[in-house]
**Student:** 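Sending over a structure as structure tokens; questions will come in a sec.
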Protein chains: 2
Amino acid sequence: MSRNNAGLSAERIITEALRIIDGQGLRRLTMRRLGDALEVEAMAVYHHFPLGKEALFDGIVDYITDVSRADTPLTPGDPSSDASDDAGADDADDDPADDRPWDDRLRAWAHDYRARLLRHSGALPLLINRRPDSVAALRALDLHYAAFTEAGLNGPAVVRAGAALDAYVTGAVVHEVRAAGLPGPDPAAVDGRFPHVAALRDVGADHERQFREGLDTLLAGLTGR
Amino acid sequence: MSRNNAGLSAERIITEALRIIDGQGLRRLTMRRLGDALEVEAMAVYHHFPLGKEALFDGIVDYITDVSRADTPLTPGDPSSDASDDAGADDADDDPADDRPWDDRLRAWAHDYRARLLRHSGALPLLINRRPDSVAALRALDLHYAAFTEAGLNGPAVVRAGAALDAYVTGAVVHEVRAAGLPGPDPAAVDGRFPHVAALRDVGADHERQFREGLDTLLAGLTGR
DNA sequence: ACCTGAACACCGTTCAAGT
DNA sequence: ACCTGAACACCGTTCAAGT
């Protein structure tokens with residue numbers, strides 16, 4: 001057995017990095033730990049990401065952003081090193097020329113994207129200060145612009161609508177993730193000072209449903225009602 | 001001159017940490033660098049934040065979240081060590097019982113909060129996975145719930161409206177910060193593949209105006225129209 | 001081309017010690 | 001109570017070397 005040529009690839013590295021983020025959190029994603037998980041020396045990663053960890057982060061964000069790529073949820077039992085997923089990667093359906101109405105296309109994107117952000121919510125901090133100029137991001141933006149144009153909007157209104165849609169999904173996910181910790185016993189300080197919060201403390205929230213309804217309202221509001 | 005008792009305080013530490021974040025970025029905020037900026041040994045910070053850097057991050061997020069506290073923009077010229085801001089800190093106006101109509105109160109909060117997030121956009125990644133259960137966050141939530149109740153909403157609708165408002169501001173800011181890098185020469189890959197993006201590439205965006213209009217639309221949509 | 005192993009500068013945090 | 005200084009385990013990254 002040669003100790004070289006461990007079958008590393010950018011795809012496999014990103015997938016493993018995401019598994020660590022999902023399972024242990026972003027702070028625990030370390031080049032050395034990532035190497036261990038890939039059964040390789042940490043420095044081997046630099047051969048596929050010469051610009052280092054920041055470039056790896058870019059790759060991770062791209063991976064999550066790319067709705068055309070199948071996403072791997074956190075697998076509890078790990079079949080590990082037996083790499084049966086070698087060829088896989090850029091099978092992007094090759095654009096089957098989606099013929100659904102514009103609003104269905106936008107809804108489908110929004111729900112897919114939300115699901116991916118929630119599944120990898122530990123990577124959310126990475127998303128924030130990375131510019132959305134990857135191919136995956138541009139593909140999504142083009143999809144949005146095409147749909148809103150089809151809906152009858154003109155130039156600046158299309159751009160505004162695209163911005164609003166992106167902001168909506170991101171904002172909803174961030175809110176949901178932040179609130180996720182709260183249902184516990186008590187926010188500690190709900191004494192007499194915050195009566196309205198105390199009164200509404202046990203009102204459950206159906207995030208899924210709220211997202212869907214909010215999205216419908218937004219789309220209606222953006223394209224004349 | 002005693003080298004002890006350097007006049008350190010949680011407030012001063014947080015302020016200095018924010019200055020580093022705003023000026024150099026979150027990654028450059030280091031306990032040692034923070035110590036240097038405070039003209040103190042790095043380990044002195046641990047006396048005010050015994051739980052370490054994570055607790056400091058909590059403090060930073062609280063500071064930004066607390067709209068009732070005056071915010072310090074990034075000062076170019078630095079009057080430095082001459083601490084003339086000793087007493088300052090928890091002067092929160094002591095609740096002057098805001099008597100403006102509910103929507104004006106919400107608009108004021110939203111614009112203030114947005115401005116703070118934009119001013120300290122480098123700290124946005126910290127906001128994301130911290131639970132909004134600080135006193136400052138609960139005060140804001142109580143303000144929202146009170147306003148929406150005054151607007152005529154009932155139980156679950158109030159909670160939904162509060163969630164939507166928070167998500168809106170966060171989402172808008174994150175979108176704006178992400179897009180901030182883009183107006184440059186070219187997103188690199190606007191060849192023939194993304195015709196709609198290419199066509200709308202030079203449509204400028206007035207974020208301030210768009211935020212205001214979107215907020216108005218949201219408030220109208222949330223409270224019967 | 002792909003990976004290893006030692007090395008370097010730096011990091012968060014602990015702890016005993018000073019005043 | 002408040003801060004220092006040395007120490008420890010760990011980190012990202014470089015570089016020469018192996019195959």
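Proteins get letters first, then strands, A, B, ... in listed order; numbering begins at 1 in each. This structure is a prediction, so every number in the text was calculated from the model and none was measured.
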**Student:** Distances under 3.5 Å between protein N/O atoms and the N/O atoms of nucleotides 16-19 of chain C, please, pair by pair.
**Tutor:**
unit_1	atom_1	unit_2	atom_2	d
dG18(C)	N2	Asn4(B)	ND2	2.8

**Student:** Restricting to pairs with a member in residues 161-176 of chain B, which pass side chain to side chain donor-acceptor pair (under 3.5 Å), not counting sequence neighbours?
**Tutor:** Asp166(A)-His175(B), His175(A)-Asp166(B), Arg114(B)-Glu176(B)

**Student:** Quick one: salt bridge (Lys or Arg N to Asp or Glu O under 4.0 Å) pairs with a partner in residues 41-52 of chain B, sequence neighbours left out?
**Tutor:** none

**Student:** Using the side chain to side chain contact (heavy atoms under 4.5 Å, CB included) criterion, which residues pair with Leu143(B)? Sequence neighbours excluded.
**Tutor:** Leu106(B), Trp109(B)

**Student:** Under the side chain to side chain donor-acceptor pair (under 3.5 Å) definition, can you give me all pairs with a residue in residues 24-34 of chain A, not counting sequence neighbours?
**Tutor:** none

**Student:** With His47(A), which residues qualify under ring pair (Phe, Tyr, Trp, His ring centres under 6.0 Å), at least two apart?
**Tutor:** none

**Student:** Determine, for Asp66(B) against Arg139(B), whether the closest basic-nitrogen to carboxylate-oxygen distance falls under 4.0 angstrom.
**Tutor:** yes

**Student:** Using the side chain to side chain contact (heavy atoms under 4.5 Å, CB included) criterion, which residues pair with Asp206(B)? Sequence neighbours excluded.
**Tutor:** Glu208(B), Arg209(B)

**Student:** Dot-bracket, DNA chain C: Watson-Crick or G-U, under 3.5 angstrom, [ ] crossing, | other strand?
**Tutor:** ||.|||||...|||||.||

**Student:** What is the distance, rounded to the nearest whole Å, between atom CG of Leu38(A) and atom P of dC3(C)?
**Tutor:** 10 Å

**Student:** Under a 4.0 Å heavy-atom cut-off, which of residues 44-62 of chain B touch DNA chain D?
**Tutor:** Ala44(B), His47(B), His48(B)

**Student:** What is the nucleic acid contact for Gly35(A), judged by heavy atoms within less than 4.0 Å: base, sugar-phosphate only, or nothing?
**Tutor:** nothing

**Student:** Which residues within residues 27-34 of chain A lie with some heavy atom under 4.0 Å of an atom in DNA chain D?
**Tutor:** Leu29(A), Thr30(A), Met31(A), Arg32(A), Arg33(A)

**Student:** Please enumerate all residues that pass side-chain hydrogen bond (donor to acceptor under 3.5 Å, both in side chains) together with Asp62(B), with sequence neighbours excluded.
**Tutor:** Ser134(B)

**Student:** With sequence neighbours left out, what residues match Asp58(A) under salt bridge (Lys or Arg N to Asp or Glu O under 4.0 Å)?
**Tutor:** Arg130(A)

